[in-house]
Peer 1: 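Attaching a single structure in structure tokens format; questions to follow.
Order of the sequence lines sets the chain letters (A, B, ...), proteins ahead of strands, with each chain counted from 1.
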Number of protein chains: 2
Amino acid sequence: MPLRPFTLLPRRFQIRPFFPVDRGNANSARRALNCGAGEGIYHAGANGLAWRLTSGVVRLDNVSSASDASFASLAVPGDILGCETLLFGCYTFSATALTQCQLSPWPEGAGALAGESLLASLAQAQQRAAEVVALRGGQAADRVLGLIRLFTDSAGQVVLPTRQDIADITDLRFETISRIIKTLERTKVLLPIKVEGVHATRSFRVDLAATA
Amino acid sequence: MPLRPFTLLPRRFQIRPFFPVDRGNANSARRALNCGAGEGIYHAGANGLAWRLTSGVVRLDNVSSASDASFASLAVPGDILGCETLLFGCYTFSATALTQCQLSPWPEGAGALAGESLLASLAQAQQRAAEVVALRGGQAADRVLGLIRLFTDSAGQVVLPTRQDIADITDLRFETISRIIKTLERTKVLLPIKVEGVHATRSFRVDLAATA
DNA sequence: CGCATTTTTGATACACGTCAATCTCCGTGG
DNA sequence: CCACGGAGATTGACGTGTATCAAAAATGCG
């Protein structure tokens with residue numbers, strides 16, 4: 001029984017993202033996909049294509065019961081999402097865009113499944129695993145800084161996901177995240193900036209040198 | 001400057017495992033490899049073969065400076081280790097056997113690098129990442145139970161790594177691990193058993209039903 | 001047996017969790 | 001254009017699960 005996009009439950013008890021979108025036709029057309037922050041991309045148990053993430057950051061969740069989701073991993077540009085669907089016919093995890101995202105169907109071409117390309121993806125997946133593990137160890141402030149580093153673009157700007165998403169990734173509480181980010185603002189590590197279409201509390205200019 | 005196997009430093013500040021073994025010749029022969037618990041398999045920055053783990057559990061570490069190692073990930077039977085060496089010419093992580101381990105050179109055959117097999121390894125790597133992430137979230141006791149579940153064989157017996165290794169994996173302190181395991185013994189979840197060649201405090205019969 | 005390593009246990013401290021109130025942002029409709 | 005309402009963010013007061021420090025007890029090896 002699907003819930004409507006907006007429910008009475010606090011966010012952390014909601015069925016994670018809203019998945020009203022039926023991409024059935026779009027999928028079979030093998031077109032690139034654009035997702036806004038917070039949007040669901042696919043749901044565990046469903047079937048569909050595998051994707052390569054070309055921009056943005058995606059959150060993957062284990063979905064045990066229908067109404068419960070727990071953070072499993074992250075994907076950043078270059079990573080492959082949902083490749084298990086090619087083997088098992090359905091997705092193992094649910095995927096949600098944490099920032100504006102672009103995805104393209106994978107594998108890209110006829111010969112793409114062979115050799116080097118796939119090997120590189122495997123190495124990249126193992127690298128990613130280590131990075132995500134690192135976001136869940138050590139002092140709270142260091143975890144948040146690690147996540148900020150992961151989300152910051154080459155121009156030194158960052159669009160963060162909600163405090164609750166950051167909390168899920170780092171295994172902290174959203175109140176703790178809020179306190180840490182406010183402290184980073186006060187110490188000039190984060191400078192709030194205005195970005196079109198993004199919640200005012202989530203976009204910053206980053207000065208990681210100020211952490212030292 | 002390599003340290004001798006036994007140093008004055010407490011274990012958690014040591015260069016993680018001892019890597020005196022030069023496997024150069026054995027490697028080029030592409031023979032299967034056996035490792036005892038605690039033994040180093042390969043070291044970050046070195047070059048060598050990629051491996052498929054056929055039995056046991058392996059710990060992977062990020063090695064930043066020469067004398068510092070931080071937990072990065074786990075590998076269990078079926079997982080592929082060090083595949084990045086085929087691309088970059090050297091290992092990204094250091095690998096250490098947490099239990100008795102068997103490894104065989106990878107890829108196994110001429111055609112093994114193609115298609116399904118590699119795809120399955122990629123899916124498996126992503127699955128593993130989610131499991132390791134789960135070991136670093138939630139209450140301390142639940143993390144340890146999750147790790148015990150991961151190490152328990154089909155016969156319901158388990159050989160755990162040292163308290164310090166468990167602590168590194170779960171991002172807890174070894175004193176905390178010790179307390180939790182002792183409590184599990186007292187509540188009959190873990191029943192100490194004697195296993196040949198294994199430290200007495202590390203082998204148990206497991207009764208996970210007793211946790212409920 | 002004696003010593004190094006690992007584990008256990010106790011006392012105490014603190015980082016983060018919990019609960020609850022308030023505030024800010026932003027979309028919606030009068 | 002402004003009032004309204006809901007989601008998310010902030011802040012404070014207080015509690016607690018683990019960390020920390022220290023010392024003793026087990027285990028295994030030479």
Peer 1: Starting at atom CD1 of A:I177, determine the distance to atom C1' of C:dA15, rounded to an integer number of angstrom.
Peer 2: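 Distance check: A:I177 CD1 to C:dA15 C1' gives 13 Å.
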Peer 1: Nearest to the B:R173 side chain among D:dT20, D:dA9, C:dT7, which nucleotide is it?
Peer 2: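 Looking only at heavy atoms from C-beta outward on B:R173, the closest nucleotide is D:dT20.
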Peer 1: Got B:L60 and B:L81 here, is their nearest side-chain heavy-atom distance under 4.5 Å?
Peer 2: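 Contact flag for B:L60/B:L81 side chains = yes.
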Peer 1: Within the pair B:S178 and C:dT7, is there a side-chain N or O less than 4.0 Å away from OP1 or OP2?
Peer 2: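 No, no such contact exists.
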Peer 1: Whole angstrom is fine here: how far is it from CZ in B:F174 over to C1' in C:dG10?
Peer 2: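 To the nearest whole Å, that distance equals 14 Å.
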Peer 1: Side chains of A:W51 and A:I80: does their closest heavy-atom pair fall under 4.5 Å?
Peer 2: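 A:W51 vs A:I80: side chains apart.
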Peer 1: Classify A:I181 by what it touches in the nucleic acid, base, sugar-phosphate, or nothing, heavy-atom distance under 4.0 Å.
Peer 2: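 The residue A:I181 makes no contact with any strand.
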Peer 1: Within the 4.0 Å heavy-atom criterion, would you say A:T201 contacts the bases, only the backbone, or no part of the nucleic acid?
Peer 2: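 Contact class for A:T201: sugar-phosphate only.
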Peer 1: Less than 4.5 Å apart, side chain to side chain, heavy atoms only: is that true for A:R163 and A:E175?
Peer 2: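 No - every pair of side-chain heavy atoms lies 4.5 Å or more apart.
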Peer 1: Whole-Å distance between D:dA9 P and A:D165 CG?
Peer 2: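 So the CG-P distance, A:D165 to D:dA9, works out to 9 Å.
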Peer 1: Just to be sure I understand the rule, does A:Q139 reach a base, reach only the sugar-phosphate, or reach nothing, if contact means heavy atoms closer than 4.0 Å?
Peer 2: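 Answer is sugar-phosphate: A:Q139 comes under 4.0 Å of backbone atoms only.
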Peer 1: Quickly work out the B:D171 CG to D:dG17 P distance and round it to whole Å.
Peer 2: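 Value for this atom pair: 18 Å.
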Peer 1: I'd like to know if A:E175 reaches the base of C:dC19 with its side chain, counting only an N/O donor and acceptor under 3.5 Å.
Peer 2: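 Flag set: donor-acceptor pair detected.
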Peer 1: Under 4.0 angstrom, heavy atoms only, what part of the nucleic acid is A:R143 near: base, sugar-phosphate, or nothing?
Peer 2: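 A:R143: no heavy atom of the nucleic acid under 4.0 Å.
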Peer 1: How many Å lie between NZ on B:K182 and C1' on C:dG10, as a whole number?
Peer 2: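 Taking NZ of B:K182 and C1' of C:dG10, I get 16 Å after rounding.
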Peer 1: What nucleotide, of D:dT10, D:dG28, D:dG8, holds the atom closest to the side chain of A:R202?
Peer 2: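 For the A:R202 side chain, the nearest candidate turns out to be D:dG8.
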Peer 1: Would you mind reading off the distance between A:L172 atom CG and D:dG17 atom P, rounded to a whole angstrom?
Peer 2: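 One finds 17 Å between P of D:dG17 and CG of A:L172, rounded.
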Peer 1: Can you tell me if the side-chain N/O atoms of B:T176 get under 4.0 Å from OP1 or OP2 in D:dA19?
Peer 2: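 Answer yes for this pair, as a side-chain N or O of B:T176 is under 4.0 Å from OP1 or OP2.
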Peer 1: Name the one of B:I169, B:D171, B:V144 that satisfies side chain to side chain contact (heavy atoms under 4.5 Å, CB included) with B:L135?
Peer 2: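 Option passing the side chain to side chain contact (heavy atoms under 4.5 Å, CB included) with B:L135: B:I169.
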Peer 1: At less than 4.0 Å, is any side-chain N or O atom of A:T162 found next to OP1 or OP2 of D:dG8? Yes or no.
Peer 2: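 No, because none of the side-chain N or O atoms of A:T162 sits under 4.0 Å from OP1 or OP2 of D:dG8.
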Peer 1: What about B:R179: does its side chain form a donor-acceptor pair under 3.5 Å with the base of C:dG10?
Peer 2: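 Indeed, a donor on one side and an acceptor on the other fall under 3.5 Å apart.
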Peer 1: Rounded off to whole Å, could you give me the CD1-to-P distance for the B:I166 and D:dT18 pair?
Peer 2: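 One finds 16 Å between P of D:dT18 and CD1 of B:I166, rounded.
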Peer 1: So A:F71 and A:V132, do their side chains get closer than 4.5 Å, heavy atoms only?
Peer 2: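 Answer yes - side chains close enough.
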Peer 1: Could you tell me how far apart B:R163 (CZ) and C:dT9 (P) are, to the nearest whole angstrom?
Peer 2: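 In whole Å, C:dT9 P and B:R163 CZ are 11 Å from each other.
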